[in-house]
Amino acid sequence: MNYKQLIEIKNNVRAHMNKKDTLTGIYNKDYFFDYISNKPNGTIIKINVDGINFVNVHYGMEIGDTLMRFIAICLEENCNCENAVIARLSSFDFIIHKTNTNNERIYEFMEEIKSILTKEIKDIYKVYINFNIAAVIYKNDDLDIADSISKLDICMKNLISKGNRVGIYNDTYEEHISIQSIESAIKSNEIKLHYQPKIDLNTEKIVGVEVLIRWFSKTHGYIHPEKIISFAEDCGYINILGKWILEKACIDINYLNKKLNTNIDLSVNISPLQLEEKDFISDIIEILDETKFDSKSLKLEITESENIEDIIKINDIINNIKKTGIKISIDDFGKGFNSINYIKNYNVDEIKIDKSLVEYSNRNPMFVESLINMIHTTQTTVVAEGVETEKEYLRLKSMECDLVQGYYFYKPMELNDLIESVKEEKLTTEEELTVGEFY
Ligand code: C2E
Ligand code: CA
Ligand code: CA
C-alpha cells in the first residue's frame, strides 16, 4: 500500500467516523440532520430514554452506556425494515426519520418500539426503563429543522405532564386542548353530546340517532369535534373519551326510549385507534350491561382504512363485534380509496354514503343509483348523509336509499330537543292514524 492509498483509507475512516456516534456506533445527529434536509416528506421521532440517569447513579456509568448501546442495536434491528434512519440525538435521546407520514401508522410504530424496548431491557437486564416518544410529521418540503425540534419538545413536555408516553405533535397544543381541559369541560358541561336523527325513507320516521361530540368553550369558542378527536387520538386519550361518549349516549337514549315508549337506535362513531385496543369489545359489553342498553340497538360507525393490513385486521374485529349483536356501519363511504373492498369483504349492516356522493348525485344520479343498487345486493342498509335539500331527499327516495340524515330533516341537537322532536313526530303519527280511522 502506498502513501496515497493510506491517506485515502484514513480519510474514508474519518468520514465514516464523522457520521457515527462514538458510544453507540449508530449515526450522529449532524449526519441525521444533513440526511433529512433533502427529504420532502417524513416523520421525525424523538425517543427519550427515561431512567438511564438512575442507572448511571445506582449501577455505574458502564451499565448505563451498555444499555444505551443495547437500545441503539434494538432500534436498528427493529426499524431498518421500516425504511428508517436512526441516530443518537443527545445523552438520553435517540432520533428516527421515517418517510411514512400516516398518523395512524406512525402511532402504531411508536407504540411497537416502546413495547419492544421496554420488554427486551426488562428480560435481559432486569431493569425497568421507560421511553417517552414524540413525533412530528412534515409534508410538501416544509421541513424546518429547528422548528421541528421545538415541536418535538413541546409534544414531549405535553406527553410527560399528562402521564402519557407516546404522541404526535398537533397544532391543537397551541389551542389549549389538553386532557385536563377536556375533563374539566366534561364536568362543567362545556362538552356535551348532540344527537342527529336518521330518517327511514319508507316511513319518514326517526329510527335512529348518531351521537356527535360538541365543545362550546367559554374561552376559546367552538372547538371542532375533529380537533377534539384527533387530539385524543394523538395523546392516547381516545379510549377513555370514547367510553365516556358511549356510556353517556346509552344512558340518554335509554331515557328517551323509556320516556316516549320508542325503540330508537344509537349510532356511535368509533376511532380506528379504539378498534385496536385489546379490551375494546369487553369494555363496550361492560358499558351496555351497566346502562342496560340493548346491544341490538347499538351501531358502531367506523371509517374505511387505506391500509390493506388494517383491512384484514378490521375484518376480524368486525366479526367479533357482530357476535355480540352490535351492528356495524361503514362511515364516509366513497371518500377513500377502498370503498368497494368494504362491500366485497366485510359483513357489515349499514353503509353511510358520504355527503360528497350525495352532492355528486346532483350531477350524475345514475352513478349514485348504481352504487345503492350494488350495496343492496349484499343485503346492507344504505344511509345517505349530509342531505340538505328537498331535491336530494326526493332523488334518494326514488333511488330506494333506505335512510337519510342531514340538515334537510334535522341538525344535531341536544337530548331535550331530540325528545321534543320525537314526541312531535309521535303526535302527528297518532293524529294521522285517528284521522285515517275516521275516514
Ligand atoms: P361524521 O361521523 O361523518 O359526522 C357527520 C358530520 O356531518 C357531523 O359533523 C354532522 O354535524 C355533519 N352533518 C350532518 N348533516 C349535515 C348536513 O346536512 N350538511 C352538512 N354540511 N353537514 C352535516 P360534526 O359533528 O362536525 O363531526 C365531524 C366529524 O367528527 C364526524 O364526522 C366524526 O368523524 C367526528 N366525530 C364527531 N363526534 C364524534 C365522536 O363522538 N366520536 C368520534 N370518534 N368521532 C366523532
Ligand atoms: Ca359518523
Ligand atoms: Ca360521515
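Counting starts at 1 for both ligands and their atoms, following the listed order.
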Q.
Counting only heavy atoms closer than 4.0 Å, does ligand 1 sit against the backbone of Ile229, its side chain, both, or neither?
A. side chain

Q: Round to 10° and report the angle made at the Ca ion (ligand 3) by OD1 of Asp332 and OE1 of Glu385.
A: 150°

Q.
Check whether Phe109 forms a cation-pi arrangement with Lys98 (NZ or CZ under 6.0 Å from the six-membered ring centre, at most 45° off the ring normal).
A. yes

**Q.** Protein heavy atom at shortest distance from atom 10 (C) of ligand 1
**A.** Leu212 CD1, 3.9 Å

Q. To which protein heavy atom is atom 19 (N) of ligand 1 closest, and what is the distance rounded to 0.1 Å?
A. Glu388 OE2, 2.6 Å

Q.
Under 6.0 Å between ring centres: does that hold for Tyr237 and Phe231?
A. no

Q) How about Ser329 and Glu301: does a side-chain donor come under 3.5 Å of a side-chain acceptor? A) no

**Q.** ligand 1 contacted by Gln405 (non-hydrogen, < 4.0 Å)
**A.** no

(Q) With respect to the Ca ion (ligand 3), please indicate if Asp354 possesses an N, O or S atom at a distance under 3.0 Å. (A) no

Q) Are the side chain of Asp402 and the backbone N or O of Val382 linked by a donor-acceptor pair below 3.5 Å? A) yes

Q) What residues, two or more places apart in sequence or in another chain, satisfy salt bridge (charged side-chain N to carboxylate O under 4.0 Å, His left out) together with Asp93? A) none

Q. Hey, mind stepping through Glu210 and Lys198 against salt bridge (Lys or Arg N to Asp or Glu O under 4.0 Å) and telling me if it holds?
A. CA-CA 7 Å; Glu210 174 180 7; Lys198 282 169 150 176; over 6 Å; no

Q) What atoms of ligand 1 come within less than 4.0 Å of a heavy atom belonging to Pro412? A) 11 (O)

**Q.** Point-to-point distance, once rounded to the nearest 0.5 Å, from CD of Gln274 to CG of Leu246
**A.** 9.0 Å

Q: Select the closest option to atom 11 (O) of ligand 1 among Glu385, Arg214, His194, judged by heavy-atom distance.
A: Arg214

Q) Between the side chains of Ser178 and Ser181, is a donor N or O closer than 3.5 angstrom to an acceptor N or O? A) yes

Q) Where is the nearest protein heavy atom to atom 12 (C) of ligand 1: which residue, which atom, and how far? A) Tyr407 OH, 4.2 Å

**Q.** Which residue and heavy atom of the protein sit nearest atom 38 (N) of ligand 1, plus the separation
**A.** Ile213 N, 3.1 Å

(Q) Using a 4.0 Å cut-off to any heavy atom of Glu226, which atoms of ligand 1 qualify? (A) 28 (C), 29 (C), 30 (O)

Q. Do the ring planes of Tyr138 and His97 sit parallel (below 30°), tilted (30 to 60°) or perpendicular (above 60°)?
A. tilted

Q: Would you confirm whether any non-hydrogen atom of the protein falls under 4.0 Å from atom 42 (N) of ligand 1?
A: yes

Q: Please confirm whether Glu210 comes under 4.0 Å of ligand 1, counting heavy atoms of the residue only.
A: yes

Q) Heavy-atom count around Lys397 NZ within 6.0 Å, excluding the residue itself: above 12? A) yes

Q) At under 4.0 Å between heavy atoms, which part of Ile245 makes contact with ligand 1: side chain, backbone, both or neither? A) side chain

Q: Indicate the ring-plane relationship of Tyr408 and Tyr393, choosing parallel, tilted or perpendicular according to the 30° and 60° boundaries.
A: parallel

**Q.** Contact (N/O only, under 3.5 Å) between Asn269 and ligand 1
**A.** yes

Q. What atoms of ligand 1 come closer than 4.0 angstrom to any heavy atom of Gln196?
A. 14 (C), 15 (N)

Q: Would you confirm whether any non-hydrogen atom of the protein falls under 4.0 Å from atom 7 (O) of ligand 1?
A: no

Q: Would you mind listing which atoms of ligand 1 come within a distance below 4.0 Å of any non-hydrogen atom of Asp332?
A: 3 (O)

Q. What atoms of ligand 1 come within less than 4.0 Å of a heavy atom belonging to Lys355?
A. 19 (N), 20 (C), 21 (N)

Q.
I'd like to know if the side chain of Asn257 pairs up with that of Thr262 as donor and acceptor (distance under 3.5 Å, no hydrogens or angles considered).
A. yes

Q.
Regarding atom 1 (P) of ligand 1: of the candidates Ile238, Val387, Asp331, which has the closest heavy atom?
A. Asp331

Q. Does CD in Glu400 sit with more than 12 non-hydrogen atoms of other residues, nucleotides or ligands closer than 6.0 Å?
A. no

Q. What do we get for Lys352 next to ligand 1 when only non-hydrogen atoms under 4.0 Å count, side chain, backbone, both or neither?
A. neither

**Q.** Angular separation of Glu301 OE1 and Glu210 OE2 about the Ca ion (ligand 2), given to 10°
**A.** 90°

Q: Would you mind listing which atoms of ligand 1 come within a distance below 4.0 Å of any non-hydrogen atom of Gly406?
A: 15 (N), 18 (O)

Q. Which ligand 1 atoms does Pro225 reach within 4.0 Å, using its non-hydrogen atoms?
A. 24 (P), 25 (O), 26 (O), 27 (O), 30 (O), 37 (C)

Q: Assess whether atom NZ of Lys29 is packed by more than 12 heavy atoms of other residues, nucleotides or ligands within 6.0 Å.
A: no

Q. Would you say atom 32 (O) of ligand 1 has a protein heavy atom nearer than 4.0 Å?
A. no

Q. Can you name the N/O/S atom of Asp331 that is nearest the Ca ion (ligand 3)?
A. OD1

Q) Do Asn48 and Asn132 have side-chain atoms, one donor and one acceptor, less than 3.5 Å apart? A) yes

Q | Asn269 near the Ca ion (ligand 2): N/O/S under 3.0 Å | A | yes

Q) Within a radius of less than 6.0 Å around OH of Tyr255, do more than 12 heavy atoms belonging to other residues, nucleotides or ligands occur? A) no

Q) Protein heavy-atom contact under 4.0 Å for atom 3 (O) of ligand 1? A) yes

